[in-house]
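A note on names: the letters A, B, ... follow the listed sequences, proteins ahead of strands, and every chain is numbered from 1. Every value quoted in this text rests on a predicted model; they were computed, and no experiment measured them.
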Amino acid sequence: MPTTAASAARQTAPAPAPEAAPQSPARVPLVVILGPTAVGKTALAICVASALNGEIVSADSRQVYRHMDIGTAKPAPDELAAAPHHLIDIVTPDQHYSLAEYQRAAYRAIQDIHARERLPLLVGGTGQYLTAVLEGWGIPEVPPDPSLRAELEDFAAAQGARALHDRLRAVDPTAARRIDYRNIRRVVRALEVSLLTGAPISALQRKSPPPYRVLQIGLTLPREALYERIDARVDRMIAAGLEREVRALLDAGYTWDCPAMSGLGYAQWQPHFAGDATLDDVADAIKRETRAFVRRQYTWFRGHDSGIRWLDAAQTAPDVVIGMVRDWLNDEGA
RNA sequence: GCCGAGGUAGCUCAGUUGGUAGAGCACUUGACUGAAAAUCAAGGAGUCCCCGGUUCAAGUCCGGGCCUCGGCA
């Protein structure tokens with residue numbers, strides 16, 4: 001059971017090793033390993049963590065869910081055991097998890113690791129999560145209000161997306177200008193903040209960067225090679241029993257409208273279980289949508305690149321990265 | 001061999017009474033502050049199977065050819 005292995009790994013608190021311990025208490029060193037899905041971040045991060053007394057803080061919006069192991073490409077039990085991991089398997093698939101909760105948990109995990117005199121590694125492909133942590137986004141303190149959201153969505157369905165957007169423009173013209181009226185989800189969120197606080201969301205969005213000294217390593221591959229890796233990985237997931245995993249989730253009572261079920265590798269099974277798609281259709285859909293997803297990831301990284309050192313995953317041995325991180329740690333204070 | 005259907009964007013197809021082509025998906029790109037593996041937007045792309053004919057004008061009509069699929073032999 002991967003869940004147990006993960007829990008065990010999380011609870012293990014290895015003895016501090018002074019070798020890589022940061023000397024400056026004021027500035028927490030943070031190594032970030034980011035990149036598109038399937039590029040090989042997990043394996044690299046574990047090598048670096050093992051070599052440099054590190055602990056991994058996952059920045060993956062899907063690996064937070066328990067019982068979703070194959071489809072989220074969660075680290076295997078032996079990988080979880082090889083280095084402490086945080087923010088994996090922390091909620092059930094029917095729970096709503098959010099950016100704000102992630103950001104808080106990530107800051108706490110990074111502080112804790114630093115307090116243990118170990119090296120925090122922030123590793124993942126969820127660009128928004130990474131950026132919110134690194135840039136210190138001040139996320140408006142307005143938790144989602146499901147009934148208000150439903151009400152606003154119904155309004156859009158009845159009156160049209162334009163009418164909903166008009167309501168936003170009336171209370172928050174700045175946000176209205178930035179959000180496409182057809183993107184109902186974002187219009188709803190902006191309105192939600194306005195209606196619940198009386199303040200426009202655009203006025204509440206601030207940044208206060210955390211006191212970290214950051215090394216960002218971006219792992220990348222040529223598009224074609226990455227697509228091939230994705231196709232192979234999807235085939236492997238299916239061979240490893242992805243269908244069984246999805247069925248088990250449904251049998252456990254989790255429904256298609258659970259937030260976790262919208263993820264790649266899960267949502268694509270719905271037509272198959274309804275009898276409208278073959279297994280090949282499902283595999284094709286997962287591959288196709290994963291390829292589209294990596295393009296979105298690159299768009300995010302390109303637009304939020306504050307000094308990412310990009311490395312070709314096929315041409316960079318883990319030792320090279322370990323050396324790079326070690327040099328960077330030794331440069332501290334220089 | 002005969003009968004029928006069809007050959008239009010990478011794929012599946014739509015193209016109204018003839019006026020030099022569209023849709024979905026793919027592909028590429030962009031947005032993104034409590035659903036983000038979500039959600040939304042933009043863009044490039046086609047010798048309309050080939051040859052000939054009718055016409056001011058043919059993806060569209062006529063003739064011939066090639067190819068694919070189905071049925072019958």
Roughly how far apart, to the nearest Å, are G18(B) and C62(B) at atom P?
-> 11 Å
Where each residue is assigned the nucleotide of RNA chain B containing its nearest heavy atom, which of Pro143(A) and Ile184(A) is assigned the position nearer the 5′ end?
-> Pro143(A)
Give Tyr102(A) one of three labels, base, sugar-phosphate or nothing, depending on what nucleic acid heavy atoms sit under 4.0 Å from its own.
-> nothing
Counting only side-chain N and O atoms of Arg182(A), is one of them less than 4.0 Å from OP1 or OP2 of A42(B)?
-> yes
State, with a plain yes or no, whether a side-chain heavy atom of Leu264(A) is found less than 4.5 Å away from one of Thr37(A).
-> no
Could you please name the option among U28(B), U33(B), C32(B) that lies closest to any side-chain atom of Arg223(A)?
-> U28(B)
Can you check whether Arg186(A) has a side-chain N or O nearer than 4.0 Å to OP1 or OP2 of A31(B)?
-> no
Could you measure between the two C1' atoms, the one in C11(B) and the one in A26(B), and give it in whole Å?
-> 7 Å
For G34(B), take OP1 and OP2 only and decide whether either is under 4.0 Å from a side-chain N or O of Arg149(A).
-> no
Base, sugar-phosphate, or nothing for Thr299(A), non-hydrogen atoms under 4.0 angstrom?
-> base
Examine A36(B): is either OP1 or OP2 under 4.0 Å from a nitrogen or oxygen in the side chain of Arg296(A)? Give yes or no.
-> no
Under 4.0 angstrom, heavy atoms only, what part of the nucleic acid is Tyr227(A) near: base, sugar-phosphate, or nothing?
-> sugar-phosphate
Roughly, in whole Å, what's the span from CG in Asp284(A) to P in C25(B)?
-> 16 Å
Indicate whether OP1 or OP2 belonging to A36(B) is found under 4.0 Å from a side-chain N or O atom of Arg62(A).
-> yes
Quick one: label Gly138(A) by what it contacts on the DNA or RNA (base, sugar-phosphate, nothing), any heavy atom closer than 4.0 Å.
-> base
Looking at every strand, decide which applies to Gly71(A) at a 4.0 Å heavy-atom threshold: base, sugar-phosphate, or nothing.
-> base
Determine the Euclidean distance between corresponding C1' atoms of C40(B) and G46(B); express it in Å to zero decimal places.
-> 28 Å
Considering only the P atoms, how many Å lie between A57(B) and G53(B), rounded to the nearest integer?
-> 12 Å
Spacing between Gln268(A) atom CD and C25(B) atom C1', to the nearest angstrom = 15 Å
Remember a base hit wins even if backbone is also touched, and classify Arg189(A) as base, sugar-phosphate or nothing at under 4.0 Å, heavy atoms.
-> base
Can you check the Phe293(A) CZ to U29(B) C1' distance for me, whole Å?
-> 17 Å
Return no unless some side-chain N or O of Tyr129(A) is found under 4.0 Å from OP1 or OP2 of A36(B).
-> yes
Tell me the partner of G19(B), counting only Watson-Crick (N1-N3 plus N6-O4 or O6-N4) or G-U wobble (N1-O2 and O6-N3) with both under 3.5 Å; none if nothing fits.
-> C56(B)
Do Phe155(A) and Val193(A) sit in the same hydrophobic cluster, where Ile, Leu, Val, Met, Phe, Trp and Tyr count as joined when their side-chain heavy atoms come under 4.5 Å apart?
-> yes
NA contact type, Thr290(A), heavy-atom cut-off 4.0 Å: base, sugar-phosphate, or nothing?
-> nothing
Phe301(A) has an atom CZ; how far is it from atom P of G30(B), in whole Å?
-> 13 Å
Find the partner of U28(B): check Watson-Crick (N1-N3 plus N6-O4 or O6-N4) and G-U wobble (N1-O2, O6-N3) distances, both under 3.5 Å, and reply none if neither fits.
-> A42(B)
Any side-chain heavy atom of Tyr107(A) sitting closer than 4.5 Å to one from Gln103(A)?
-> yes
Does Ser98(A) place a side-chain N or O at less than 4.0 Å from the phosphate oxygens OP1/OP2 of A35(B)?
-> no
Using atom C1' of each nucleotide, how far apart are A5(B) and A9(B) to the nearest Å?
-> 23 Å
Could you tell me whether the side chain of Trp137(A) reaches within less than 4.5 Å of the side chain of Leu99(A), counting heavy atoms only?
-> yes
Across all strands shown, which nucleotide pairs with A14(B) by Watson-Crick or G-U wobble geometry, both distances under 3.5 Å?
-> none
Is it true that the side chains of Tyr65(A) and Gln95(A) contain a donor and an acceptor less than 3.5 Å apart?
-> no
In whole Å, what is the span from the CD atom of Gln128(A) to the P atom of A31(B)?
-> 14 Å
Nucleotide C40(B), atom P - distance to CZ of Arg177(A) in whole Å = 23 Å
Glu153(A) (side chain) and A35(B) (base): donor-acceptor pair under 3.5 Å = yes
Compare every heavy atom of Arg233(A) with every heavy atom of Ala73(A), then report the nearest pair and how far apart it is.
-> CB-NH1, 3.3 Å
Remember a base hit wins even if backbone is also touched, and classify Ile139(A) as base, sugar-phosphate or nothing at under 4.0 Å, heavy atoms.
-> base
Measure from the side-chain heavy atoms of Asp180(A) and tell me the nearest of C40(B), C27(B), U33(B).
-> C40(B)
May I have the distance from Leu191(A) (atom CG) to A35(B) (atom C1'), rounded to whole angstrom?
-> 16 Å
Can you hop from Trp310(A) to Ile217(A) via hydrophobic side chains spaced under 4.5 Å?
-> yes
Side-chain touch Thr174(A)/Pro200(A), heavy atoms, less than 4.5 angstrom | no
Taking only N and O in the side chain of Arg178(A), is any of them less than 4.0 Å away from OP1 or OP2 of U33(B)?
-> no
Quick note, Arg302(A) side chain, CB onward, closest among G30(B), A36(B), G34(B) is G30(B)
Checking all strands, does Pro259(A) fall into the base, sugar-phosphate, or nothing category for heavy-atom contacts under 4.0 angstrom?
-> nothing
Selected nucleotide, minimal atom distance to Asn183(A) side chain, candidates C27(B), C40(B), G30(B) | C40(B)
Using whole Å, report how far CG of Asp231(A) lies from P of C27(B).
-> 10 Å
Atom C1', compared across G19(B) and A36(B): separation rounded to whole Å = 48 Å
Using a 4.5 Å cut-off on heavy atoms from C-beta on, say whether the side chain of His85(A) contacts that of Ile46(A).
-> yes
Using the P atom as the reference point in each nucleotide, state the distance between U60(B) and C50(B) in Å, no decimals.
-> 10 Å
Nearest to the side chain of Lys207(A) - A35(B), U33(B), C27(B)?
-> U33(B)
Watson-Crick or G-U counterpart of G4(B), or none if no pair lies under 3.5 Å | C69(B)
Return no unless some side-chain N or O of Tyr65(A) is found under 4.0 Å from OP1 or OP2 of A35(B).
-> no
Given that both distances must come in under 3.5 Å, which nucleotide forms a Watson-Crick or G-U wobble pair with C48(B)?
-> none
Is it true that the NZ or CZ of Arg247(A) lies under 6.0 Å from the centre of Trp269(A)'s six-membered ring and within 45 degrees of the ring axis?
-> no
Expressed in whole Å, how much space separates the P atoms belonging to G1(B) and U54(B)?
-> 32 Å
Respond yes when some side-chain nitrogen or oxygen of Arg295(A) is under 4.0 Å from OP1 or OP2 of G43(B), and no when none is.
-> no
